[in-house]
Asks: 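Sharing a structure here in structure tokens format.
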Amino acid sequence: MAQPPTVQKLQSTLEAAMDDLQRKNLIPLQKESFLCAAKCCDKHSDMQALQQCTVNCQAKVQSAHQVLYGNLEDFQKRFQRCLMRCQDQAKDSLPSTPQEQDMEKAQDQIMACMDLCAVEYTGKVGKLKADVGARLSQISK
């Protein structure tokens, strides 16, 4: 079953939002983390202290990754549940012994429902990006 164009639009919109968040928030945090770790090498000669220092330098990056990818995973799960509802509704609409035309109608119903899910969730990408961006900004401070 081919995906409706709206699902492809959702994917590209979501990828663009995640790329933007990574470019504006994660990459600067990673740079800061690497510079911090380099300073640890200048400050500490004891391996245990050096290791603890570098771990501390990575804490913000790890928190940011958890926020970004945790929210992305939640968003994807919610979209998948919408798609599952589409399949359930189509299955429930079939008679006990479906004919070819019943199957085609159910398939059309699934595609139309998938289209609605994709449109709905494409509209939610902006809020997702804003919410995650705000949380990442707090971590950066």
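For the numbers below, each heavy atom of this structure counts, side chains included, while hydrogens, waters and symmetry mates do not.
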Asks: For residues Ala17 and Val125, report the shortest heavy-atom separation together with the two atoms involved.
Replies: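 Heavy atoms of Ala17 and Val125 come nearest at CB-CG1, 3.7 Å.
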Asks: Output the distance between atom CD (Glu104) and atom CD (Gln99), rounded to the nearest 0.5 Å.
Replies: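 Answer rounded to 0.5 Å: 11.5 Å.
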Asks: SG of Cys82 to SG of Cys117, below 2.5 Å?
Replies: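 Looking at Cys117 and Cys82, their sulfur gamma atoms lie closer than 2.5 Å, so the answer is yes.
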Asks: A side-chain contact here means heavy atoms from C-beta on lying under 4.5 Å apart; do Leu50 and Met47 qualify?
Replies: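 Of all side-chain heavy-atom pairs linking Met47 with Leu50, at least one is under 4.5 Å.
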Asks: Quick one: closest heavy-atom pair of Val61 and Leu29, and the distance?
Replies: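 The answer is CG2-O, 3.5 Å.
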Asks: Would you compute the distance between atom CZ of Arg85 and atom CD of Gln80 and round it to the nearest 0.5 angstrom?
Replies: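 Reported to 0.5 Å precision, the distance equals 11.5 Å.
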Asks: Assess the residue pair Lys24 and Asp20 against the criterion (salt bridge (Lys or Arg N to Asp or Glu O under 4.0 Å)); give the C-alpha distance rounded to whole Å, side-chain angles, the decisive distance to 0.1 Å, and a yes or no.
Replies: CA-CA 6 Å; Lys24 289 181 180 174; Asp20 192 48; 3.4 Å; yes
Asks: So, the side chain of Lys31 versus the backbone of Leu26: is there a donor-acceptor pair under 3.5 Å, distance only?
Replies: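 No; zero donor-acceptor contacts below 3.5 Å.
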Asks: Within a radius of less than 6.0 Å around NZ of Lys129, do more than 12 heavy atoms belonging to other residues, nucleotides or ligands occur?
Replies: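 Counting other residues, nucleotides and ligands, NZ of Lys129 exceeds 12 neighbours.
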Asks: Is the terminal nitrogen or CZ of Lys124 (NZ for Lys, CZ for Arg) located under 6.0 angstrom from the six-membered ring centre of Tyr121 and within 45° of that ring's axis?
Replies: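 Yes - Lys124 lies over the ring of Tyr121, closer than 6.0 Å to its centre and within 45° of its axis.
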Asks: Return the CD to OG distance between Gln62 and Ser33, rounded to the nearest 0.5 Å.
Replies: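 So the gap between those two atoms works out to 8.5 Å.
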Asks: May I ask you to decide whether Arg23 forms a salt bridge with Asp19, counting only side-chain N to carboxylate O separations under 4.0 Å?
Replies: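 No, no charged N to carboxylate O under 4.0 Å.
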Asks: Verify the neighbour count for atom CD of Gln51: are there more than 12 heavy atoms of other residues, nucleotides or ligands below 6.0 Å?
Replies: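 Open.
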Asks: State whether the SG distance for the cysteine pair Cys57/Cys40 is less than 2.5 Å.
Replies: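 Not so, these two cysteines form no disulfide.
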Asks: Does Tyr69 belong to the same Ile/Leu/Val/Met/Phe/Trp/Tyr cluster as Leu128, with side-chain heavy atoms less than 4.5 Å apart forming each link?
Replies: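 Yes, same cluster.
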Asks: Looking at every heavy atom in both Asn71 and Arg135, which two are closest together, and how far apart are they?
Replies: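 Looks like ND2-NH1, 3.5 Å.
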Asks: Search all heavy atoms of Ala90 against all heavy atoms of Gln109 and return the closest pair with its distance.
Replies: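 Looking at all heavy atoms of both residues, the shortest contact is CA-OE1, 3.8 Å.
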Asks: So how far is it from Asp42 CG to Lys39 NZ, rounded to the nearest 0.5 Å?
Replies: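 Atom-to-atom, Asp42:CG and Lys39:NZ are 9.5 Å apart.
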Asks: At their closest point, which heavy atom of Asp102 faces which heavy atom of Leu94, and how far apart are they?
Replies: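 What the structure gives for the nearest pair is O-CD2, 3.4 Å.
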Asks: Once you round to the nearest 0.5 Å, how far does SG of Cys113 lie from CG of Asp88?
Replies: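 CG of Asp88 is found 9.5 Å from SG of Cys113.
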Asks: Can you measure from CG (Leu14) to CD (Gln11) and round to the nearest 0.5 angstrom?
Replies: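 Leu14 atom CG to Gln11 atom CD measures 8.5 Å (nearest 0.5 Å).
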Asks: Quick check: closest heavy atoms across Ile110 and Cys86, and the distance to 0.1 Å?
Replies: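 Taking every non-hydrogen atom into account, CG1-O, 4.0 Å.
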